[in-house]
Amino acid sequence: MPLSLLLLLLPACSLTTYDYTPCTEDSQCRAAFGNGMICSDAGLCAPLPPLDRCATAWPEDFFSAPDQHREDIVLATLFSRDPIEGDLEEALAAELAVRQVNDQGGLDGHPYAIVHCDYTEDPGIDTLTATEAVQAAGQYLVDLGVPALVGPATSSMSQDVWPVMEAGNLLYISPSATSPALTDIDGLIKTDAEPGLFWRTAPPDDLQGLAIAQDMADRDVVTVAVIHETSNYGSALADVFKSYFEASGSGQVTLYPFDEGDGTGRDTQVATSGGEPFDEVLFISGNIDDYIAFLNAAASLSSYDDRAIFLTDAGRDTKLLENTPGARDLYDQIRGSAPAVPTGTLYDFFQSAFAAAYAPGYSASDSSYTSYAYDAGWLAIYGTAWSLYNETDACTDDDHICGLGAARGMRRISDGATVEIMATTWNTVQASFQVGQSINVSGASGDLNFNPETGETVGPVDIWQINSTSDGFNTVTTISP
């Protein structure tokens, strides 16, 4: 490990200050010496070794000036930062919530910080697979003492990091992991005692599968080929759609699965299904690079010249349009579905704040899930506030902020007085939680009415098309649950 990296995490005190300080828990070392300290195997306080995948933070001097952030409440994001299939806009949206809460004075005088972790499979960083990377980054955040994070983006990564989150008692809120298979990952029924550590601001894909089936039935589609990755997202959504579509008597569905991450298998299924006389081809993947490759492959096949194409939510991304110039002749044949793009005052406030913080390099409109990530960032903050004021028995840390306590706070945001998620309502949230009162939040992504037993929210689904200038998407109709 380079010494320069190690020094980034050292608190501003001599080695002898903590080198002989006995401990039994990481929280003791963080309380004594600040963030970035752990209890080593030798039973002594020591600096947490840095991880290249989690080297970016806000404030920007979080790592380089740890003495200035000793008492920060540290949150995190866990996304891919790949330039094509990455989720940087979502990470920035969650960061925006942290910036705004600090502008309002933080929590009981404690400012917040946010560490950004990357699970991209990148040999320039290390030799880890994506699964190994998300677990390594998750473990780093557990060791850092983070109580809550926003992410991961995909259902597969959310599934893969679950064992680390469960063992480390860390709340994670995904803005876009929509697989129905994740509903019960942290228990069949949620309670105050066992609230579940996995939450999401986007509704699960049961609703999207139903919306796709309804849209196709309304257009008198009879035969559908479903090309889907064999992930907990792709397989689950394919099965949900098939069940709804065939149960309605609308027609017949044929499944063409391909192994997750197997480009060869994907391309084979594109060619095979294209040779059959289906009315429509539904393509399902959790990764934008699969959609890009699918359209580019379909553009080279004459069998797709007049074939109707349907894409799911990960396809509604401007990266699709930027990377498929050779497939533009197919654009008029494409429809898709995704959780509804929010509208209204709160969404407009969010877009304006995002632009003020990050334009011109980034736009909140570049991804379908930026507003969901922004709300998730605020909900992570709300969870820590509830934990501080109400969960003295749940958390061992002196400040009473932990993943379990924050997760219990997630059960206090869908019943009570209506509170809009924005910076200016932060004092209302704190005042309510200080006296143990629940609130009913409405966010930039819409109303977040979480079911108390499942921990799931519901929301409308957009049916979209590519616009006439091929640089964005228009909503054709919105289907409500």
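For clarity, every value in this text was computed on a predicted model and none was experimentally measured.
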A side-chain contact here means heavy atoms from C-beta on lying under 4.5 Å apart; do [X] and [Y] qualify?
| X | Y | answer |
| --- | --- | --- |
| T370 | Y362 | no |
| L75 | T384 | yes |
| I381 | Y112 | yes |
| T457 | T201 | no |
| D462 | R316 | yes |
| W378 | V98 | no |
| R266 | E229 | no |

Return yes if a side-chain donor-acceptor contact under 3.5 Å exists between [X] and [Y], otherwise no.
| X | Y | result |
| --- | --- | --- |
| Q333 | D306 | no |
| N467 | T469 | yes |
| E95 | Y358 | yes |
| Q351 | D348 | no |
| R81 | T120 | no |
| Q100 | Y374 | yes |
| D447 | S442 | yes |
| E121 | T129 | no |
| D205 | T178 | yes |

- Taking the six-membered ring of Y331 as reference, does the NZ or CZ atom of R328 fall below 6.0 Å from its centre and within a 45° cone about the axis? no

- Item | Residue pair N296 / N323: nearest heavy atoms and the distance that separates them | ND2-O, 3.4 Å

- Task: For L330 and I309, work out which heavy atoms get closest and say how close.
- Result: CD1-CD1, 4.3 Å

Take atom [atom1] of [X] as the centre, draw a 6.0 Å sphere, and report whether it contains more than 12 heavy atoms from other residues, nucleotides or ligands.
| X | atom1 | value |
| --- | --- | --- |
| D126 | CG | yes |
| E322 | CD | yes |
| Q252 | CD | no |

- Query: Which value, rounded to the nearest 0.5 Å, describes the distance between D87 atom CG and S367 atom OG?
  - Reply: 7.0 Å

- Item | Gap between atom OG of S156 and atom OH of Y119 - 0.5 Å precision | 9.5 Å

Does the [X] side chain pair with the main chain of [Y], one donor and one acceptor, at a distance under 3.5 Å?
| X | Y | result |
| --- | --- | --- |
| T425 | E420 | yes |
| D290 | S285 | no |
| E194 | D186 | no |

- Query: Which one of Y256, Y291, F310 satisfies the ring-ring contact (aromatic ring centres under 6.0 Å, His included) criterion with F283?
  - Reply: Y291

- Pair D332-Q465, side-chain contact (heavy atoms from CB on, under 4.5 Å): steps then yes or no: CA-CA 8 Å; D332 289 342; Q465 291 179 321; over 6 Å; no

- Item | Verdict with reasoning, R200 to D375, per salt bridge (charged side-chain N to carboxylate O under 4.0 Å, His left out) | CA-CA 10 Å; R200 46 188 167 189; D375 286 346; over 6 Å; no

- Message: Determine whether Y233 and T312 satisfy the following criterion, side-chain contact (heavy atoms from CB on, under 4.5 Å), listing intermediate values before the conclusion.
- Response: CA-CA 11 Å; Y233 167 75; T312 54; 3.1 Å; yes

- Query: What residue among D289, V281, T324 forms side-chain contact (heavy atoms from CB on, under 4.5 Å) with F294?
  - Reply: V281

- Message: Using the side-chain contact (heavy atoms from CB on, under 4.5 Å) definition, which of the options V164, V161, L141 pairs with Y172?
- Response: V161

